[in-house]
Protein chains: 2
Amino acid sequence: MNEISLKSSQFPNGCQNCAIRHQAVCSRCEPDELERLDEIKYYRTVEAGQTVIWTGDRMEFVASVVSGIASLTQTMEDGRTQMVGLLLPGDFIGRPGRESAAYDVIATTDIVLCCFRRKPFENMIVQTPHIAQRLLEMTLDELDAAREWMLVLGRKTAREKIASLLAIVARRNAALKLQGTGEKIQFDLPLTREAMADYLGLTLETVSRQISALKRDKVIALEGKRHVIVPDYRRLLNEAGDDSDGGMMM
Amino acid sequence: MNEISLKSSQFPNGCQNCAIRHQAVCSRCEPDELERLDEIKYYRTVEAGQTVIWTGDRMEFVASVVSGIASLTQTMEDGRTQMVGLLLPGDFIGRPGRESAAYDVIATTDIVLCCFRRKPFENMIVQTPHIAQRLLEMTLDELDAAREWMLVLGRKTAREKIASLLAIVARRNAALKLQGTGEKIQFDLPLTREAMADYLGLTLETVSRQISALKRDKVIALEGKRHVIVPDYRRLLNEAGDDSDGGMMM
DNA sequence: ATCCGCTCTTGATCTGTGTCAAGGAGTTAA
DNA sequence: TTAACTCCTTGACACAGATCAAGAGCGGAT
């Protein structure tokens, strides 16, 4: 299962994207708290396509995604699968208090995780209130994202679903770079057609057809299979069925 | 908007179902913490069919459902609606830190809410760590429920969707009464066909047809339109597509 | 260079669910 | 009693998306 421990020294700036350390802890932590966090922390890489944890596995750690993209996936006995979460850098994996994993966690791209051994981490939560508060904020955001996605899954057409997904990835990308003010946004899709289908509750054929249709209608342009160019972000949002930008997710 | 303040004295046993007071606080709270909670607390009733809060409204409070059933609903501009949460007694409404509501909150039946004014409640969270910890637990449970529902919305057939919903309501009901060990479970559906459709991402006609089909196939029996009898709970679970009871939701 | 495996596209056809329409059953009000 | 209303059921038909099938593009291994 391709597990490699990395030393903190490989991340000279600290764990830049690690939500726990930088967003939850650093700004408010006492030095001795940081030390305790470092003691229970280790890094781990997983190759694209590998499964980090299977549903039901014992969870020995919780983790934060440092780089790459992971997904939470549920599978029914007959093989139907539904992705229930897209984990981007900064997102959190696992939950304090749970012994075993509730979902498969799959590395969609090569990823680096910042892991914390679970038991000591749970102790830290009890002793360090602002960690629980930060985790609560993050969890509430995830809950909003999940509910937003329920609207997508339950009520949107295939075309709207695709546009919604593209809008999310585009937004994430524009947010990471300088705010893509006005100018066209472009990015590489980090998901295969099949992964998109699993996220959207569609088949990969329908995904492919709808992407072709959006291309034909000049809502997007493609370079190769994965590189997407969005000439007019508002238009894309409109296709997604949520004209008022507002919420959306992730 | 039908707002009635009730006095705590109308709930002589305290607020039995109130998650914050009894599950989050009582067992671990100091007396002075309980007093502070009481100061910012009030009760409110809402009639069936009324909207408690509209999306975008300013949230002056957070609340816990004491009795009855409420729902969280999202609506698109063209009127398509998706229920994104079913709130049963003990469930929490609102989130600390958010100024305005992200969803419509609708009273599906007559309900009683135990409300806490938001600002002082947020202060309490900061000062009283175990409240944040309890809220984190509850939020994580809701997140699991939402993700479970994503599988229902994205990958299940209409028949499986109906069976899934019936199973949830049945489980809740059996849990409230003495564990319905073996014997047949019966309960009143608290939702109209239309509300079920909004929850399941279907039309009310399809809901009606599938309920008729389950009745015809003796998976359930009906007395009137709303009273459901489940002779074999395992069979129902099987129809829902999740043979291994295990998780499910809410 | 050739073959293999993987991802993606496109076509033809099938089917589950939506849409439109009519009417039944129960409740409340006149 | 009838009328009006809400909630639910059922039928006929349409259509979005699934399924089945063939093949294109492309990188990696031999």
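Lettering follows sequence order; numbering is per chain, from 1.
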Chemist: In whole Å, I'd like the distance from the CZ atom of Arg216(A) to the C1' atom of dT10(C).
Modeler: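 Checked: the CZ to C1' distance equals 11 Å.
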Chemist: Please determine, for the side chain of Glu205(B), which listed nucleotide (dC8(D), dA21(C), dT10(C)) has the closest atom?
Modeler: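 Of the options given, the side chain of Glu205(B) lies nearest dA21(C).
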Chemist: Are Tyr233(B) and Asn238(B) linked by a side-chain donor-acceptor pair shorter than 3.5 Å?
Modeler: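 Result is no, nothing qualifies.
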Chemist: Between the side chains of Thr51(B) and Asp104(B), is a donor N or O closer than 3.5 angstrom to an acceptor N or O?
Modeler: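 Short answer, no.
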Chemist: Tell me: CD of Glu194(B) to P of dT19(C), nearest whole Å?
Modeler: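 Taking atom P of dT19(C) as the reference, CD of Glu194(B) is at 13 Å.
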Chemist: Taking atom types as they are modelled, is there a donor-acceptor pair under 3.5 Å from the base of dG16(C) to the side chain of Arg209(B)?
Modeler: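 Side chain to base: no pair present.
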Chemist: Report which part of the nucleic acid Ser212(B) touches: base, sugar-phosphate, or nothing (heavy-atom distance under 4.0 Å, all strands).
Modeler: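 The answer is sugar-phosphate, as Ser212(B) gets under 4.0 Å only of primed atoms, P, OP1 or OP2.
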Chemist: Within this structure, what is the NE2-to-C1' distance between His227(A) and dC26(D), rounded to whole angstrom?
Modeler: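 That distance rounds to 19 Å.
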Chemist: What does Arg226(B) touch in the nucleic acid at a heavy-atom separation under 4.0 angstrom: a base, only the sugar-phosphate, or nothing?
Modeler: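 Here Arg226(B) touches the backbone only, sparing every base.
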Chemist: Rounding to an integer number of Å, can you tell me how far Glu223(B) CD sits from dA25(C) P?
Modeler: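 Atom CD in Glu223(B) sits about 18 Å away from atom P in dA25(C).
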Chemist: NA contact type, Gly201(B), heavy-atom cut-off 4.0 Å: base, sugar-phosphate, or nothing?
Modeler: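 Sugar-phosphate, backbone atoms only, no base.
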Chemist: Just call it for Leu202(A): base, sugar-phosphate, or nothing, with non-hydrogen atoms closer than 4.0 Å on any strand.
Modeler: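 Here Leu202(A) touches the backbone only, sparing every base.
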Chemist: Tell me the interatomic distance from Leu214(B), atom CG, to dT10(D), atom C1', rounded to whole angstroms.
Modeler: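 Interatomic distance, CG of Leu214(B) to C1' of dT10(D): 16 Å.
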Chemist: If each of Thr206(A) and Arg155(A) is mapped to the nucleotide of DNA chain C with the nearest heavy atom, which maps nearer the 5' terminus, i.e. the 5' end?
Modeler: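 This one resolves to Thr206(A).
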Chemist: Describe the nucleic acid contact of Thr203(A) in one word from base, sugar-phosphate, nothing, applying a heavy-atom distance below 4.0 Å.
Modeler: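 Base, at least one base atom sits under 4.0 Å.
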Chemist: So does Arg155(B) pair up with Asp198(A), basic N to acidic O under 4.0 Å?
Modeler: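 Looking at Asp198(A) together with Arg155(B), the answer is yes, because their closest N to O distance falls below 4.0 Å.
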Chemist: Please give, in whole Å, the distance from dC15(D) P to Arg159(A) CZ?
Modeler: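 Value for this atom pair: 18 Å.
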Chemist: Give the rounded distance in Å between these two atoms: CG of Asp188(A) and P of dT7(C).
Modeler: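 Roughly 17 Å, once rounded to whole Å.
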Chemist: Where the side chain of Leu204(A) is concerned, which of dC8(D), dT9(C), dG17(D) is the nearest nucleotide?
Modeler: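 The listed nucleotide nearest to Leu204(A)'s side chain is dT9(C).
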Chemist: Given atom CD1 of Ile211(B) and atom C1' of dT17(C), what is their separation to the nearest angstrom?
Modeler: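 It works out to 16 Å between those atoms.
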Chemist: Give the ring-plane orientation class for Trp149(A) versus Tyr199(A), where under 30° counts as parallel, over 60° as perpendicular and anything between as tilted.
Modeler: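 Correct class here is parallel.
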Chemist: Which nucleotide in the list dC20(D), dT17(C), dG17(D) gets nearest to the side chain of Gln210(B)?
Modeler: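 Of dC20(D), dT17(C), dG17(D), dT17(C) is nearest to the side chain of Gln210(B).
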Chemist: Less than 4.0 angstrom from a charged side-chain N to a carboxylate O is my criterion; do Arg80(B) and Glu160(A) meet it?
Modeler: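 Result for this pair is yes, salt bridge flagged.
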Chemist: Checking contacts here: which listed nucleotide (dA12(D), dA18(D), dT9(C)) is nearest the side-chain heavy atoms of Arg193(A)?
Modeler: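 Looking only at side-chain atoms, Arg193(A) lies closest to dT9(C).
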